Amino acid sequence: MTDTDNSQPSGMTKRSFLQSVGMIGGTAAVMTALQGWEMGFASEMDRPPEMSTDGKGKKVIILGAGLAGMVLAFEMAKKGYKTQIIEALDYAGGRCVSARKGSVIEEVGSEKQVCNFQDGNYVNYGPWRIPAEHKSTIYYCRTLGVPLEVMVNKTGKSYYYYENKEGPFKGVPIRQEHADIDFKGYSTELLAKVADQGALDQLISQEDKEMLLTHLKRSGLIDSKEFNYRANRARGHSSYPGAGTNFGKLSEPYEMADVLSIANASRNETADHPAVMFQAVGGMDQIAQGLKRALKKSQIRYNSEITDIVQDDNGVKVTYKNTKNGRVRSEEADYLISTAPLGVMQKMNINLSEDMAAAIKATSGSPACKIGVEFNHRFWEQNDMIYGGVTSTDIPGHRILSYPSGNLFGSAHGDTGVILGYYPIGGQSIPISNLSMAERTEFALSVGEKIHPGNYRKYFTGESISVAWHKMKYALAGWENWSRRGRTRSFPVMQKGDNRIFISGNIASPALGGWMAGAIEGAWSTMEVIDKRVAQQG
Amino acid sequence: MKNYFKLLLALLGASTLMTAANAQDHSAEGAQIYTDYCEACHQIGGEGYEDIYPALKDNEFVNGDKEELIYLLLEGRAGMPTFISDLEVDQLTTIINYIRNSWGNTAGEITQEEMDAAYDEIAEEEDGFGPGN
Ligand SMILES: Cc1cc2nc3c(=O)[nH]c(=O)nc-3n(C[C@H](O)[C@H](O)[C@H](O)COP(=O)(O)OP(=O)(O)OC[C@H]3O[C@@H](n4cnc5c(N)ncnc54)[C@H](O)[C@@H]3O)c2cc1C
């Protein structure tokens, strides 16, 4: 299972380049190279770092069995460190979870929810999509045998639904491909016209201008004489072609002014949110389960909430409470690594240095809510030709609706599926979290019904499950944000650790906040910090 | 954001949202902002929740240094979110004055100018860098 020996990366990765620079030029050269990439401490990594030290049985207590805690336990145990995870919850994975039949979600001060989806149905109420460039996440899926499948992040067939903006499309679901292609088409038209009229002659050479015009014409979006945007095959048909003499009918573009009245989602289409992404087959929690399987059973102690951490120059003593029976125990170790979100860390009694205590207050928690809504008919596929992807709305507290990429066509477990019914992040998610579970479901249904009138309520099975991450006791946020001041002043303090206590997890990767890759690479960067520490001081 | 209340009220019926508003309102708008943006964590009446979400009622920090409180709302702190991009700058003033003068708190008002100065300083520092998934 745990095939850790991997094929060498092809070509020179940033790491191996850095190592070679380091060999020749020393640390200063490495730092200069890092700055050249505008990178801080950790480089883009596609595998765990090689620790130079041998743990020789040094004991490390790891707070938290999330992805970061399990990566640390797994990798450091291989180097001779004795690793023990202490976890408050009764499962491994932390925020890397999915809800399926039997799953329980219990927010602070709210009613307990038990998921009652049909077998095979689930919702990823934590992580839900992996971009190709997150090599670290994919590394563990590949080496631990966690199968991934395509997660369709963008389809042209899903909708933009805006109702808080005046204009012809107010309250009307618009196919994304129509709005996107029209925007591109009119832009192409305008660019071709100004280029042709010589308005770009100061900016580009005659030769480049000719090439530009050739490409614009070849786009198929504009006619080759007048350069006017017109109906085209990218935008598609209003009446579909078929056999015989049915050539179908191309759909007519919207008016330019109308297209400009809706914001398309292109600003969301970043390299880490491409159209095609990945998800773990059967639920994203399978990634956590893969790591859990790679550990010895005894490496994780569940239902144990750490309340106190006391360190001195010789080691650290941790006190934890059994969340089921209240029994208090303590355990000693050489080092402690906390992977708890910083909001949660505030609640523990820890003798940190003043600098460190201040540094761990420098983030702000980002609230986030999700809801999974179950249907007994995949109407979005059969009626709307939508297979995965995201519908965007401008309704505060809603933001998006995402169709399942698993069980496409109902071919895996029947004509049923779970839609991610809303996913607000930041402040707009707070009012949603102050609603009862029934009100949240009603909110999701009322918005869904506007986008899929006549179907959304009709095929709802009556089962839904929702989460407000900022009300989950051991998370208190979806993820945490570092302000610029926090990143420059507090992060370096936090990252180097405080005597026997180190801080890891997603917060150790400010640039990858809210990503599993941030948790994994945060763990890897902590291994490097500890390696250095042990090499210097034993 | 401003349409938010109208929308939810229409969706859910005014009663569900309004029941939670505090009896001794400092201002109706402040009470509404509190219900929508603070109460999910700090609870009705600013009572807080165990040791997880601090009580704002009878709280030294709330009744203390104005500037620190302004910065907390703008920047957040650990489990406490930032509200710089989800509340308008005048709403931020309103909510601060609300919590400083409700539930027995009597800390007095901050001015819009005090809020504006801090807001501009922090907005200037923000570089649009942010995580996401
Ligand atoms: C809504 C949402 C959407 C996301 N979407 C994506 C996505 O699409 N793609 C992606 O790659 N990532 C995504 N992420 C991010 C990803 O889920 C996280 O970055 C990652 O799971 C964090 O792992 P971690 O180990 O750092 O922290 P956690 O998983 O939070 O682990 C910390 C552990 O510590 C435990 N703990 C806390 N306090 C104590 C205590 N006192 N004593 C003992 N144990 C304690 C917790 O119970 C938890 O198990 C998303 C996250 C959320 C919330």
Side-chain angles (χ1 to χ4, degrees), chain A residues 108-109 127-129 163-164 268 270 272-273 341-347 360-367 395-397 425-428 430-436 439 442-443 446-447 468 470-471 473 476-487 506 510-516 518, chain B residues 1-13 16-17 20 32-44 47-54 71-88 91-92 121-133:
Chain A
V108 170
W128 59 308
R129 44 188 179 177
E163 64 176 26
N164 291 314
N268 299 328
T270 52
D272 50 5
H273 299 87
L342 295 185
V344 179
M345 243 191 128
Q346 311 298 323
K347 316 294 174 197
I360 65 169
K361 286 186 179 293
T363 53
S364 69
S366 175
I395 298 175
I425 58 177
Q428 63 164 302
I430 296 169
I432 301 304
S433 62
N434 204 27
L435 302 176
S436 70
E439 288 168 335
E442 177 53 29
F443 174 60
S446 66
V447 177
H470 46 289
K471 295 179 76 177
K473 186 174 178 191
L476 294 186
W479 47 89
E480 286 159 290
N481 299 321
W482 291 91
S483 67
R484 182 154 85 183
R485 267 198 292 177
R487 260 166 23 235
N506 187 260
L512 294 170
W515 291 106
M516 293 184 283
Chain B
M1 263 302 143
K2 291 205 171 116
N3 291 332
Y4 193 74
F5 313 120
K6 268 184 254 156
L7 171 85
L8 271 188
L9 290 175
L11 284 175
L12 303 167
T16 49
L17 278 173
Q32 187 65 63
I33 298 171
Y34 185 82
T35 302
D36 282 313
Y37 290 96
C38 317
E39 190 182 282
C41 299
H42 294 289
Q43 308 294 308
I44 294 174
E47 297 281 352
Y49 194 91
E50 294 175 0
D51 62 346
I52 302 173
Y53 306 118
Y71 276 92
L72 175 76
L73 267 287
L74 293 172
E75 294 194 300
R77 181 219 291 160
M80 165 77 182
T82 156
F83 286 91
I84 195 165
S85 47
D86 294 291
L87 290 177
E88 308 286 343
Q91 292 181 305
L92 287 162
E121 181 199 323
I122 292 174
E124 177 135 333
E125 276 220 353
E126 230 1 275
D127 50 5
F129 171 92
N133 58 58

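Model, not experiment: these values are computed from the prediction. Just so it is clear, the values below take in all heavy atoms, side chains as well, and ignore hydrogens, waters and symmetry mates. To find a chain, count down the sequence lines: A is the first, B the second, and so on, and within it residues start at 1.
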All salt bridge (Lys or Arg N to Asp or Glu O under 4.0 Å) counterparts of B:Glu47, not counting sequence neighbours: B:Lys57
Applying salt bridge (Lys or Arg N to Asp or Glu O under 4.0 Å), can you list everything that pairs with A:Lys473, at least two apart in sequence or on another chain? A:Glu305
Interatomic spacing from CD in B:Glu124 to CZ in A:Arg484 - rounded to 0.5 Å: 8.5 Å
Backbone N/O of A:Pro127 and side chain of B:Asn133: donor-acceptor pair under 3.5 Å: no
Segment of A:His273 engaging chain B (4.5 angstrom heavy-atom cut-off): side chain
Segment of A:Ser433 engaging chain B (4.5 angstrom heavy-atom cut-off): both
[X] versus [Y], closest heavy-atom pair with distance:
X	Y	value
B:Glu75	A:Arg485	OE2-NH2, 2.6 Å
B:Ile52	A:Val108	CD1-CG2, 3.9 Å
A:Gly427	B:Tyr37	O-CE2, 3.5 Å

Which one, A:Ile360, A:Asp272, A:Ile430, leads in non-hydrogen pairs under 4.5 Å with chain B? A:Ile430
Heavy-atom pairs under 4.5 Å with chain B are the metric here; pick the option from A:Gly343, A:Ser364, A:Gly109, A:Ala477 that has the most. A:Ser364
Counting heavy-atom pairs closer than 4.5 Å to chain A, which one of B:Ala40, B:Gly79, B:Gly76 comes out on top? B:Ala40
